[in-house]
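Order of the sequence lines fixes the chain letters, A, B, ..., with proteins taken first and strands second; residue numbering starts at 1 for each chain.
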Number of protein chains: 2
Amino acid sequence: MADETILATFFRKLEVRDVVTAAEKVALIACASDMVSVPAGGDLVREGDRPDTSMLVLDGFSSRYRDAPDGSRQITAIHVPGDFVDLHSLLLREMDHSVGALSACSVMRFPHARLRSLTETHPHLTRLLWLMTLIDASIHREWLSAAARTAPEQIAHLICELYVRLGITGLIAPDQSFTLPLTQTALGEALGLSAVHVNRSLQQLRSEDLFTWQNQTVRILDWESLKRRASFDDRYLHLVREPR
Amino acid sequence: MADETILATFFRKLEVRDVVTAAEKVALIACASDMVSVPAGGDLVREGDRPDTSMLVLDGFSSRYRDAPDGSRQITAIHVPGDFVDLHSLLLREMDHSVGALSACSVMRFPHARLRSLTETHPHLTRLLWLMTLIDASIHREWLSAAARTAPEQIAHLICELYVRLGITGLIAPDQSFTLPLTQTALGEALGLSAVHVNRSLQQLRSEDLFTWQNQTVRILDWESLKRRASFDDRYLHLVREPR
DNA sequence: GCGGCCGACTAACATTGGTTATTTGAGCCC
DNA sequence: GGGCTCAAATAACCAATGTTAGTCGGCCGC
C-alpha cells in the first residue's frame, strides 16, 4: 500500500499526457505492494529473470543494459525517478536485459497479478500504462537515429533529453541543474562510444559553454544553444495533454 | 470488414505468444475497415500526421524512418507482413516518424475509435496488442545493442532477425530463402552505415558462404554458422507461448 | 595515515567506416 | 534500339572513433 504523495512523480508523468481521475489514482495505488531499496551498482532485475512484480522507481537513476560475452556493456535506456522501469515484464514475462541502479534507488513494487486485474477493470488507466511503454519505445527510436550524429552531438542530445524528462517531474533545480550519476564510462556504454572518446568529446563541449558537469551535477548554461547543438526536438517525448 | 483468412498472418504472430480465442478473432476482425494499397516507395503514414486509423500490413515490406534536415535517412525498424505497423499511433496520436513501403504493400486499416472500444471490452486482446508493441520495443533495444558490433555482424544479425520473424508467419521458402526488398543504401540507413561500407561488408560476408543475396532474395546456406557469426539469440523476440 | 581502487584525463597509434567520384550493368521508357 | 535512371561495385583518400597504456587525484577501508 502507498499513499498518493509517494506516487506523485508518476502521476505527474501521466498527467502531462492525459487527465487522470482520482478514482484511477486510487486504483493504481491499491496495486502497489511494498518498497524496496537497491544500492548504487546493484540490479533491480536481471536478464533471464521472470519477475512477478513490476517496479516503479521513486528515487534514483537506473539503466537498462545488457552485458556482452566479451565483457562490454550496452545501455539501452536511462531511467529517472517516476519511470515504471520494468512494466513490460508484465507481458513479456522473461527479462531479455537487466536493469541496474546507477545511484541508490528506492522502488515501489506492483505485483503482476494486481496489474493484470487492473487491465481487466480500468481500460483507460491500462491505455496510459501502455502509453508509458510506447514513449519508452519512442525514446529507443530516437536513440537509434542518434547513431548518425557525431559523439558531441549525441552527448548533448542525451543531456537535453534528461533535462526535459526530469523537468516533467520537477527535478530540475532553480539554477537549471540536475543530478546525473553517470560515469564517463557509463555514458559511453549508453551511446556506444569508448570512454576515451566520451572524454575527448566532453572537453570539446566544455569549451562551448553550453553546460557544466561536475560532481555528478549537470547545469545548463544556454538551453537554446544546447538544443541547437544537439538538434534536439522534444516531439518524440509526446508531452501533449490530450485524451488517450 | 474482413474474413479470418485475410488476418491469418497476424493471428499466427499472436498465437506464437498466447492462445487467441475464436471470439477474440471475431472481435478483432470486426475492427477492420478497409484495405489500402501503397506502391513501393510510397508512405503509409508521415511524420507529423495524426492518423485516425492504424494499419496492419498484410503483404509487403515497410520501414519506419525519419529524414534528417541534411537529407540523410535513419530507418529505425523494418516491418514484415503481419506487423501492426502504426498501432502505437492509437495512443501516441502524433506520428514522430514516417512509415514507408519498401515494396508494394497491401494494408488493412483499423479505425482508432474501434480499437479504443476494443480496449474497453477485450482486456486480454488489448494485452496482446500491447505485447506486440512491447516486442517492437524489444527489437529496438536489440538494434541499439547492435551498435557495438562490426558492420558485417550487424548485417548478419539483421538477416537472422528477418529470417526468424518471417518464419513465424510461414514466409520462408522451403529452400531457406526469403524476399528482402532492401537496397544496399536502405540497409545502410537501417544500420547507420554508408552504402559503400555496406557493400564492402557484404563482399566479405559473401566470401564466408553463410548466405546468398541476389535479386532481392536472401537464401540462408548455413544457419548455425550465420547465427554464430551474428551472435544472434532470438530470446528478444519472445517466441514463447504462455498466458499474457 | 597508508595502500588500493576507481574515475577522470592524456598521448600515440591503429582501424573502422565515411566521402567523393567513377564505372558497370540491368531494367525501362518512348 | 538508344538513352534514361538506379543499384551495385570499386578505388583513393580522409575523418571519426577505438585501443592500449599509462598518469593523477580523491575517496574508502583498515
Expected output: side-chain Ser33(A) to main-chain Arg109(A) donor-acceptor under 3.5 Å = yes

For atom CG of Leu193(B) and atom P of dA16(D), their distance in whole Å | 17 Å

What residue among Asp136(B), Val99(B), Val80(B) forms side chain to side chain contact (heavy atoms under 4.5 Å, CB included) with Val85(B)?
-> Val99(B)

Check the distance between dA16(D)'s P and Glu153(A)'s CD and give it to me in whole angstrom.
-> 11 Å

Here the distance between atom P of dC6(D) and atom CG of Leu102(B), to the nearest Å, is 17 Å

Backbone of Asp96(A) reached by a side-chain donor or acceptor of Arg66(A) within 3.5 Å | yes

Considering only heavy side-chain atoms of Ser194(B), the closest of dG18(C), dG17(C), dT17(D) is dG18(C)

Report the distance from atom CH2 of Trp213(A) to atom P of dA8(C), rounded to the nearest whole Å.
-> 8 Å

Looking at Val45(A) and Met55(A), what are the two nearest heavy atoms and their distance?
-> CG2-CE, 3.7 Å

CZ/Arg50(A): more than 12 non-hydrogen atoms of other groups inside 6.0 Å | yes

Can you tell me the distance, in whole Å, between the CZ atom of Arg200(B) and the P atom of dT16(C)?
-> 10 Å

Would you mind reading off the distance between Leu180(A) atom CG and dG7(C) atom P, rounded to a whole angstrom?
-> 15 Å

Quick one: does Arg64(B)'s side chain have a donor or acceptor within less than 3.5 Å of a partner on His97(B)'s backbone?
-> no

Using a 4.0 Å heavy-atom cut-off across all strands, classify Ala195(A) as base, sugar-phosphate, or nothing.
-> nothing

Could you tell me whether the side chain of Ser98(A) and the main chain of Glu47(A) form a donor-acceptor pair under 3.5 Å?
-> yes

Residues of residues 181-191 of chain A with a heavy atom under 4.0 Å from any atom of DNA chain D, listed by number, are none

Residues that Arg165(B) engages under salt bridge (Lys or Arg N to Asp or Glu O under 4.0 Å), provided they are two or more places apart | Asp83(B), Glu161(B)

Looking at DNA chain D, which of residues 203-211 of chain B put a heavy atom within less than 4.0 Å of it?
-> Gln203(B), Arg206(B)

With the sugar-phosphate defined as primed atoms, P, OP1 and OP2, and the base as all remaining atoms, what B/S/- string results for nucleotides 21-30 of chain D, 5' to 3', for protein heavy atoms under 4.0 Å?
-> ----------

Quick one: sort the Phe178(A) and Tyr163(A) rings into parallel, tilted or perpendicular, breaks at 30° and 60°.
-> tilted

Distance in angstrom units between His197(B) NE2 and dT16(C) C1', rounded | 6 Å

Rounded off to whole Å, could you give me the CG-to-C1' distance for the Asn215(B) and dC6(D) pair?
-> 15 Å

Asn215(B) and Thr217(B): side chain donor to acceptor below 3.5 Å = no

Min side-chain heavy-atom separation Asp222(A)-Asp209(A) under 4.5 Å = no

Do the side chain of Ser138(B) and the main chain of Leu134(B) share a donor and acceptor less than 3.5 angstrom apart?
-> no

Using a cut-off of 4.0 Å between protein heavy atoms and nucleotide atoms, how would you tag nucleotides 25-30 of chain C 5' to 3' with B, S and -?
-> ------

Asn199(A) vs dC9(C): side-chain N/O to OP1/OP2 distance below 4.0 Å = yes

Would you work out how much the helix from dG1(C)-dC30(D) to dC30(C)-dG1(D) bends between its ends, with each end axis defined by five base pairs, to 10 degrees?
-> 50°

Tyr65(B) versus Leu102(B): any side-chain heavy-atom pair under 4.5 Å?
-> no

Is any side-chain heavy atom of Asp59(B) less than 4.5 Å from a side-chain heavy atom of Thr9(B)?
-> no

For Thr150(B), report the nucleic acid contact type (base, sugar-phosphate, nothing); a contact means any heavy atom under 4.0 Å.
-> sugar-phosphate

Short side-chain to backbone donor-acceptor contact, Ser89(B) and Met95(B), under 3.5 Å = no

CZ of Arg12(B): more than 12 outside heavy atoms within 6.0 angstrom?
-> yes

Aromatic centroids of Phe110(A) and Phe84(A) separated by under 6.0 Å = yes

Touch check for Leu202(B), heavy atoms < 4.0 angstrom, all strands: base, sugar-phosphate only, or nothing?
-> nothing

